[in-house]
There are 2 protein chains.
Amino acid sequence: MISQTAEYALRAVIHMAKCRESSLSTRQIADATEVPIAYLSKVLQSLTKAGVIHSHRGLKGGFSLVKPPEDITVYDVINAVDPMKRIESCPLKNTSHGKNLCPLHRRLDSVLEATENAFRSTTLAELL
Amino acid sequence: MISQTAEYALRAVIHMAKCRESSLSTRQIADATEVPIAYLSKVLQSLTKAGVIHSHRGLKGGFSLVKPPEDITVYDVINAVDPMKRIESCPLKNTSHGKNLCPLHRRLDSVLEATENAFRSTTLAELL
DNA sequence: ATAAATCTGGATATGCATATCCAATTTTAA
DNA sequence: TTAAAATTGGATATGCATATCCAGATTTAT
């Protein structure tokens with residue numbers, strides 16, 4: 001349902017939420033979350049660019065959450081590394097309904113919508 | 001959310017549901033659903049093995065649904081080609097909760113469950 | 001019987017998500 | 001000022017989902 005990358009990102013930010021006080025290095029997060037350190041490094045870069053976490057370079061550097069866990073949703077994290085794609089238009093060309101969704105894709109998109117809503121309404125604080 | 005393969009399988013069986021009377025060749029289905037014919041061939045083989053459709057070899061052969069569209073669910077079709085995997089146990093080794101799910105994976109699995117229920121309760125007949 | 005149409009199954013190719021590696025840069029502490 | 005610790009970003013490798021190709025087997029119509 002969610003990509004491996006999104007799973008890793010969620011594990012990382014949840015661990016950071018548990019250690020709110022200090023800035024954590026890539027290695028510390030990798031050890032705690034069992035994510036391959038080199039790959040985690042890329043994931044943390046994505047989260048940084050998306051503004052979910054802060055990075056601090058140099059000795060004693062590391063990463064920390066930008067906002068308190070109550071204000072960060074699962075949706076925010078997933079979107080930072082692997083954005084959900086809703087079905088905007090029917091993928092078939094030769095169709096009678098034009099760009100409107102056919103029954104199949106209407107149904108699939110409504111499931112996507114429900115999933116998106118579930119992610120939007122879950123904060124990191126609820127996952128500690 | 002669902003794989004490309006599952007999407008192709010759904011397009012195929014829905015088209016077959018629309019042409020219930022006759023047996024359709026791979027080419028006919030490929031043309032109607034805009035699925036690459038060689039790949040569709042593999043998808044139809046999976047659906048056959050799973051007992052969702054019948055295959056008829058030889059001249060005038062092709063594929064047809066085993067059951068009426070009212071009795072085939074989206075879940076049946078997806079499961080035939082790309083089974084949904086619920087989260088049975090926490091993917092982390094070093095965890096305090098043992099094989100029980102942590103809050104994150106409990107939440108993710110409940111979303112999976114909701115998705116599974118949506119697919120189980122939708123029949124092909126509703127998608128025509 | 002024969003030819004044509006069609007499925008079957010194995011081998012192979014392609015593309016993207018996942019994963020690794022390393023040199024360069026930045027920052028802190030002594 | 002120097003050394004150590006850490007992020008950054010580019011290059012590269014790996015694995016799996018997706019996609020293609022083709023020779024063989026099966027069935028129908030004539």
Side-chain angles (χ1 to χ4, degrees), chain A residues 1-13 15-16 19 22-66 78-85 91, chain B residues 1-13 15-16 19 22-66 78-85 91:
Chain A
M1 173 184 41
I2 66 171
S3 67
Q4 192 67 23
T5 304
E7 156 93 27
Y8 288 165
L10 285 167
R11 284 193 214 169
V13 294
H15 180 65
M16 294 167 76
C19 312
S22 53
S23 144
L24 298 173
S25 71
T26 306
R27 174 166 301 285
Q28 287 175 312
I29 300 172
D31 289 346
T33 57
E34 296 172 30
V35 175
I37 186 167
Y39 195 69
L40 176 63
S41 170
K42 301 298 187 191
V43 172
L44 293 173
Q45 282 185 49
S46 295
L47 289 168
T48 302
K49 279 181 189 148
V52 174
I53 63 180
H54 269 130
S55 74
H56 311 280
R57 298 175 73 156
L59 183 55
K60 295 290 177 187
F63 299 88
S64 56
L65 296 182
V66 165
I78 291 177
N79 240 21
V81 298
D82 188 20
M84 294 188 60
K85 283 173 279 293
Chain B
M1 175 185 41
I2 67 171
S3 66
Q4 191 65 25
T5 304
E7 156 92 26
Y8 288 165
L10 285 167
R11 283 192 214 169
V13 293
H15 180 65
M16 291 166 78
C19 312
S22 54
S23 145
L24 298 173
S25 71
T26 305
R27 173 166 302 283
Q28 287 175 312
I29 300 171
D31 288 346
T33 58
E34 296 173 30
V35 175
I37 187 167
Y39 195 68
L40 177 64
S41 170
K42 301 299 188 192
V43 173
L44 293 173
Q45 280 184 50
S46 295
L47 289 168
T48 302
K49 278 179 190 151
V52 175
I53 62 179
H54 268 129
S55 74
H56 310 279
R57 299 175 72 157
L59 182 57
K60 296 289 175 188
F63 299 89
S64 55
L65 296 182
V66 165
I78 291 178
N79 240 19
V81 297
D82 187 20
M84 293 188 63
K85 282 173 281 292

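Chain naming here is simple, since letters A, B, ... match the order of the sequence lines and numbering starts at 1 in each.
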Seminar exercise, completed: Taken to the nearest whole Å, NE2/B:His54 to C1'/C:dT6 is 17 Å

Problem set entry | Verdict with supporting geometry, B:Ser3 and B:Asp82, side chain to side chain donor-acceptor pair (under 3.5 Å) | CA-CA 7 Å; B:Ser3 66; B:Asp82 187 20; 2.6 Å; yes

For this session: May I ask you to test the B:Phe63-B:Thr26 pair for a side-chain heavy-atom distance under 4.5 Å?
Result: yes

Exercise. Is the closest side-chain heavy-atom distance between B:Val43 and B:Val35 below 4.5 Å?
Worked result: no

Exercise. Just how far is it from atom OG of A:Ser23 to atom CD1 of A:Ile53, taken to the nearest 0.5 Å?
Worked result: 10.0 Å

Seminar exercise, completed: Contact check, residues 3-10 of chain A vs DNA chain C, heavy-atom distance under 4.0 Å, returns A:Ser3, A:Gln4, A:Thr5, A:Tyr8

Exercise. Heavy-atom distance under 4.5 Å between the side chains of A:Gln45 and A:Ser41, does that happen here?
Worked result: yes

Problem set entry | Between C:dG9 (C1') and B:Tyr39 (OH): distance, integer Å | 15 Å

For this session: Produce a footprint string for nucleotides 2-14 of chain D: one letter per nucleotide, 5' end first; B if the base is under 4.0 Å from any protein heavy atom, S if only the sugar-phosphate is, - if neither.
Result: ---BSBBBB----

For this session: Report yes if the side chains of B:Gln28 and B:His15 come closer than 4.5 Å at any heavy-atom pair, otherwise no.
Result: no

Exercise. If you look at every heavy atom in B:His56 and B:Ser64, which pair is closest and at what distance?
Worked result: NE2-OG, 3.2 Å

For this session: Using whole Å, report how far CG of A:Leu40 lies from P of C:dC21.
Result: 15 Å

Problem set entry | Distance-minimising heavy-atom pair for B:Gly51 and B:Val66 | O-CG2, 3.6 Å

